[in-house]
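Okay, structure first, notes after.
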Amino acid sequence: GELAVQRNTTINPFYPTGGSRANVQTEFAGGFLGGQVRYNKTEYDLRWYTPINTRLTGMLRWRGGFLSGYGKTPPAYETFRLGGTTYYGVRGYEDYEVVPQENVRIVYTTVNDTTRRVSKVAYPGGRWMSIFTFEQQFPIVPPLHGVLFFDAGNTWDQWREIQPFKLKLSVGLGFRMEIPMLGEIVTGSSRKLKGRSSACRMLPATVEASCARATFTSSTMNSSPPSR
């Protein structure tokens, strides 16, 4: 089952110039509903829009969530995996890259007698997550808008492990264009700000150097992440 509460006071639904938007939703399975899967997943999405002048608008957004299993282990596929331009996006990181460090594994696959392929597996995610976003939006030529953004987020397995100021950081520049009947087209580039990911640090030295340099990510998508 699912319950959701929403409140929207924004001015201009496509490019808000003021107001706020709040969304709280909870999903639950098992318990009195029956079934073999038991979990409760609650998420918060809060946004505030502030006009700086007649052309510039700033947005501050916080997303948070927690997952419980009613005293048991919740399903791994419901955990929070952050990064990239996914629904739980932290731009500048690969999709689903940001998980608790203890959940990152390095896998070696033998290709032939002299070659091994090194890959990382970031799964499952955490049961708690927090993402902060600041965006500075500005018009270029109608209907094209530019946006400077800063993302900070992380995920944790246990409440006692949460470190609210130890977050993955990134900055970037993007462009948005609203096209009737097609929706919003977004493209942009972003860069990590704070060190290397835990997966990079776990790689052998010969591979780690190239991983550390691969911190610049460009992404283009045909539509915004789904509004849940």
Side-chain angles (χ1 to χ4, degrees), residues 2-27 41-65 80-98 129-155 164 167-194 215-228:
E2 180 175 326
L3 295 174
V5 177
Q6 298 181 356
R7 181 177 183 271
N8 190 342
T9 64
T10 54
I11 303 170
N12 188 334
F14 294 123
Y15 301 109
T17 57
S20 64
R21 184 184 303 170
N23 181 44
V24 181
Q25 71 173 37
T26 182
E27 300 176 18
K41 188 176 187 179
T42 301
E43 299 177 36
Y44 305 87
D45 188 346
L46 311 176
R47 311 184 199 194
W48 298 268
Y49 297 89
T50 301
I52 297 174
N53 56 38
T54 56
R55 292 177 55 84
L56 301 179
T57 299
M59 183 202 74
L60 178 64
R61 181 183 186 186
W62 175 72
R63 287 171 286 174
F80 298 104
R81 301 167 65 207
L82 316 185
T85 55
T86 62
Y87 179 69
Y88 304 112
V90 178
R91 291 161 288 191
Y93 289 81
E94 296 178 12
D95 290 355
Y96 309 112
E97 177 184 0
V98 180
M129 73 94 173
S130 181
I131 305 173
F132 293 92
T133 296
F134 175 77
E135 293 187 353
Q136 177 65 70
Q137 178 181 285
F138 53 93
I140 301 176
V141 291
L144 182 64
H145 283 65
V147 59
L148 298 171
F149 60 82
F150 167 79
D151 288 342
N154 212 340
T155 180
L167 304 173
K168 308 295 184 182
L169 311 177
S170 68
V171 295
L173 170 66
F175 300 95
R176 296 174 177 168
M177 183 166 55
E178 189 73 30
I179 300 179
M181 305 300 293
L182 294 179
E184 187 178 56
I185 296 177
V186 181
T187 184
S189 296
S190 52
R191 179 184 291 272
K192 298 177 186 177
L193 281 182
K194 193 174 183 180
T215 57
F216 190 80
T217 304
S218 296
S219 61
T220 303
M221 55 185 177
N222 293 327
S223 60
S224 301
S227 299
R228 297 178 54 181

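The first residue in the sequence is number 1, and the count goes up from there. Computed over heavy atoms, backbone and side chain alike; hydrogens, waters and symmetry mates excluded.
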query: Has the side chain of N23 got a donor or acceptor atom that lies under 3.5 Å from a matching backbone atom of D45?
result: no

- line: In this structure, CD1 of I11 is separated from OG1 of T17 (nearest 0.5 Å) by 4.5 Å

field: Check: G19 main-chain N/O paired with T10 side-chain donor or acceptor under 3.5 Å
entry: no

field: Distance-minimising heavy-atom pair for P51 and G18
entry: CD-CA, 4.3 Å

query: From L82 CG over to K168 NZ, what is the distance, rounded to the nearest 0.5 angstrom?
result: 10.0 Å

message: Using a 3.5 Å distance criterion without hydrogens, assess whether the side chain of S190 forms a donor-acceptor pair with backbone atoms of G92.
response: yes

- prompt: Can you check whether L193 reaches F150 side chain to side chain, under 4.5 Å on heavy atoms?
  reply: yes

task: Taking the side chain as every heavy atom from C-beta outward, state whether E97 and V90 have any atom pair closer than 4.5 Å.
output: no

- prompt: If you round to the nearest 0.5 Å, how far is CG of L173 from OG1 of T187?
  reply: 9.5 Å

query: Side-chain contact, heavy-atom cut-off 4.5 Å: Y87 with E43?
result: yes

message: Just to verify, which of R61, R91, Q137, M59 counts as forming a side chain to side chain contact (heavy atoms under 4.5 Å, CB included) with F149?
response: R91

message: Quick one: does any side-chain atom of N154 pair with a main-chain N or O of S130 as donor and acceptor, under 3.5 Å?
response: no

field: Intermediate values then yes/no, side-chain contact (heavy atoms from CB on, under 4.5 Å), Y93 and K192
entry: CA-CA 7 Å; Y93 289 81; K192 298 177 186 177; 3.4 Å; yes

statement: Residues Y88 and R81: closest non-hydrogen pair is CB-O, 3.9 Å

message: side-chain contact (heavy atoms from CB on, under 4.5 Å) for V98 and F80? Distances and angles first, verdict last.
response: CA-CA 9 Å; V98 180; F80 298 104; over 6 Å; no

message: Given 3.5 Å as the limit, does a donor-acceptor pair link the side chain of T86 with the main chain of D95, or not?
response: no

field: Y15, F14, F175, F138 screened by ring pair (Phe, Tyr, Trp, His ring centres under 6.0 Å) with H145, the one that passes
entry: Y15

field: P16 side chain reached by R21 side chain, heavy atoms, under 4.5 Å
entry: yes

- prompt: Between F132 and W62, how do the two ring planes meet: parallel, tilted or perpendicular, split at 30° and 60°?
  reply: tilted

- prompt: Do any N or O atoms from the side chain of Q136 and from the backbone of T57 form a donor-acceptor pair under 3.5 angstrom?
  reply: yes

CD on E27 to OG1 on T42, rounded to 0.5 Å: 9.0 Å

- request: Test Q25 against every option in E2, K41, Q6 by the side chain to side chain contact (heavy atoms under 4.5 Å, CB included) rule and name the one that passes.
  value: E2

